Amino acid sequence: MTTLSRFTLLASALAAGTMLTACTEQPAETKTTAAPQSAAVQNELTLTEVNPRLGEYIKTLASDEFQGRAPATKGEELTVAYLEDNFRRIGLKPIDADSYKQPVSLVQIDPVQVSAMTLTGDKLPAQFNYRDDMTAWTTQVTEQVDVVDSEMVFVGYGIVAPEYNWNDYEGLDVKGKTVVMFVNDPGFATQDPALFNGNAMTYYGRWTYKFEEAARQGAAMALIIHETDAASYGWGVVAHGSPIKFDLINENKNMDRAKVEGWVTTESAEKLFANIGTDLATMHKKALQKDFAPIPLNAKASVSVKNNLRELTSSNVVGYIEGSKYPDEYVLYMAHWDHLGMDFSNPNNKVFNGAQDNASGTGGLLALAEYFTQQTQPERSVVFVAVTAEERGLLGSAWYAANPVFPLEKTVVGINMDVMNVYGPMKDMVIVGLGNNNAEDILIKYTKQQGRYAVREHNPQAGIAYRSDHFNLSKKGVPILYAKGGNDHFEHGEEWGKAQRAEYNKCCYHKVGDEWNDNWDLRGAQQDLFLFYQVGNELANSRSWPNWNEGNEFRALRDASAAARKE
């Protein structure tokens, strides 16, 4: 493909003529003030194509031939080969001789039998039934686990957060015990912006964190109380989906995790609390008190889980442009290539094509990589990572974070692309977790130059910032950007844009209807790719090291590796 000279000149002019601007966190759906721009410049940016092959990449990856791109299937073989061929064609450097593959070791854990949870307590029922009253599983890679007569204790929100001066486990030894806790965090519960992050969920509110902390504390079983508003989804999502779990294979086979993880319904929690003469509302109040101390529930629980295990090998696909002056410093772009595979029970349409989720992001990764290779060699290295098994629990990115090809302490920023805009140019740019780190300032600067404005995701209480691949880099301290075009269409307006998103969620998200559409308007995706290019290009040609903002839960992790980034 020939270089798009008009676009190159425009990008160079913008990069040379602007300065980094500061930004304060915006509330949900609040617009930032766009810098004045001439209609000609706005139109130029709106209609510019970073790479006219974007549609070709998406269409190919989403085709029936690729069989839904499930890990460890024929679909993976085709997908990985396609990505490698294109990485090689456009001139990215491989990571191992001539290979771009980073092998990822996975295990499929299929709970073939989960017992009811038997209980002992003066005022308790004999048992909580699986899927009706509770759900349970194990991430330990073993054929069976048993928790027998484990003492139950309520630990509030199950949070240890030094930066918020919060420790629900203080003074408590839970080794061998069952901990019971609320989902989300105290900020959501109170809607107090001065407590944690107010309505916006922090990492400490995520159910995954709560299980991780329970394991660090030595609990035998960890149970989260389900409440629809706090979780942002209903009981059916928790208990009535596929029980099959996927995880990474590691040396200790996850024996450092709690034996059993799970949820209980609100009704079950009320019964546990009634056993000690109280109720859910009272326990909510207690959990928010400064002097909260864990509360024994005067009950014991038992449950067993039997598994079938299957070990799998998949691949991340990694290529890079080596930096001219600082090759050991890295700007990283990421998208997940996998989707849900095939539904052989469907007589009409068997393929989960995953066109928007996430052939669009993977196609965007290819398009952006190709564009970068046509520009002047950057001073820092620029890395492109297509990760596997996102749909299985963000596992490919977790593997990369645990086994980084390039040092994470020398990774400048991570930019994640997941479900790109296919509905045309949008005035708004949604920055998930807006206000978390100062890399956002660069993105907002260029967003304004497009005559657009930045907004936070409309439901920060749902914790979307912790539910895509970038999160695994966040947990290692790497500042990340996860952004995408929003709903406010340049021509049709915001309500039209919202209607398109709602229709996609209804007809297509994680369904076989997520297919390529010849009528998609990819100008919006091209718009966003240009912004991602500008951010990465600026950082790849600077000495800046973005960081998490003061008070963010990942700031200490980044600061701890600061010595590795000294000149």
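In this text the structure is predicted, and so the values were computed from the model without any measurement.
Heavy atoms only, all atoms of each residue included: T362 and W337 are closest at OG1-CA, 3.4 Å. The minimum heavy-atom distance linking E409 with W545 is given by the pair O-CZ3, 4.3 Å. When all heavy atoms of K475 and L557 are compared, the pair lying nearest together is O-CD1, 3.1 Å. Contact detail for T447 and M429: the closest heavy-atom pair is CG2-CB, 3.8 Å.
A salt bridge does not link K59 to E56: none of the charged side-chain nitrogens sits closer than 4.0 Å to a carboxylate oxygen. Between E370 and R89 a salt bridge is recorded (basic side-chain N to carboxylate O distance below 4.0 Å). A salt bridge between R523 and E491 is present, with a side-chain N of the basic residue lying under 4.0 Å from a carboxylate O of the acidic one. For the pair K506 and E503, the salt-bridge criterion is not met [side-chain N within less than 4.0 Å of a carboxylate O]. Of the charged side-chain nitrogens involved, at least one lies within less than 4.0 Å of a carboxylate oxygen, so that K410 and D328 count as a salt-bridged pair.
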**Study point:** Stepwise side chain to side chain donor-acceptor pair (under 3.5 Å) test for W516 and D518
**Key:** CA-CA 7 Å; W516 167 262; D518 287 331; 2.6 Å; yes
Exercise for review: Using the side chain to side chain donor-acceptor pair (under 3.5 Å) rule, take N197 and T202 through it: C-alpha gap first, then chi angles, then the decisive distance, then the call.
Suggested key: CA-CA 6 Å; N197 202 18; T202 63; over 6 Å; no
Practice item. Report the C-alpha distance between E391 and H510 in whole Å, list the side-chain angles of each, state the deciding distance to 0.1 Å, and finish with yes or no for side chain to side chain donor-acceptor pair (under 3.5 Å). Key: CA-CA 10 Å; E391 303 290 6; H510 280 197; 3.0 Å; yes
Check your understanding: Passes ring pair (Phe, Tyr, Trp, His ring centres under 6.0 Å), Y371 versus Y533? Steps please.
Key -> CA-CA 9 Å; Y371 183 75; Y533 165 75; 4.9 Å; yes
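Side-chain contact of D514 with Y504: a donor-acceptor pair under 3.5 Å is present, judged by distance alone. Side chains of R380 and N541: a donor-acceptor N/O pair is absent below 3.5 angstrom, by distance only. In summary, the side chains of N184 and Y204 do not present any donor paired with an acceptor at a separation below 3.5 Å, with no hydrogens or angles considered. Side chains of S468 and D418: a donor on one and an acceptor on the other come within 3.5 Å. Between E515 and N349, the side chains place a donor N or O and an acceptor N or O closer than 3.5 Å (distance only, hydrogens not considered). Side-chain atoms of N549 and N438 include no donor-acceptor pair closer than 3.5 Å. Side-chain contact annotation: E538 with Y446, donor-acceptor N/O pair under 3.5 Å present. At a cut-off of 3.5 Å, with distance as the only test, no side-chain donor of N254 or T139 sits close to an acceptor on the other residue.
For the atom pair E76 CD and S315 OG, the distance stands at 5.5 Å (nearest 0.5 Å). Separating the OH atom in Y100 from the OH atom in Y320 is a distance of 9.5 Å, to the nearest 0.5 Å. Distance check: L481 CG to N437 CG gives 5.5 Å after rounding to the nearest 0.5 Å.
For E311, there are no salt bridge (Lys or Arg N to Asp or Glu O under 4.0 Å) partners at least two apart in sequence or on another chain.
Under the 6.0 Å cut-off for aromatic ring centres, F471 and Y482 do not qualify, their centroids lying 6.0 Å or more apart. Ring pair W137/F211: centre-to-centre distance below 6.0 Å.
A distance-only check finds no donor-acceptor pair linking the side chain of W548 to the backbone of E553 [under 3.5 Å]. The backbone N or O of T388 sits less than 3.5 Å from a side-chain atom of N316, completing a donor-acceptor pair. Distance alone, capped at 3.5 Å, places no donor-acceptor pair between the K245 side chain and the I109 backbone. A donor-acceptor distance shorter than 3.5 angstrom exists from the side chain of Q102 to the backbone of N403, with no hydrogens or angles considered. Without hydrogens or angle criteria, N421 side chain to G424 main chain gives a donor-acceptor distance under 3.5 Å. The closest donor-acceptor contact from the side chain of D528 to the backbone of G485 lies under 3.5 Å. Checking side-chain atoms of S99 against main-chain N and O of D96 turns up no donor-acceptor pair under 3.5 Å.
Judged by the 6.0 Å distance and 45° axis criteria, R543 is positioned over the aromatic ring of Y326.
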Would you give me the side-chain donor-acceptor pairs under 3.5 Å for residues 61-68, sequence neighbours excluded?
residue, atom, partner, partner atom, Å
S63, OG, T60, O, 2.7
D64, OD1, N353, ND2, 2.9

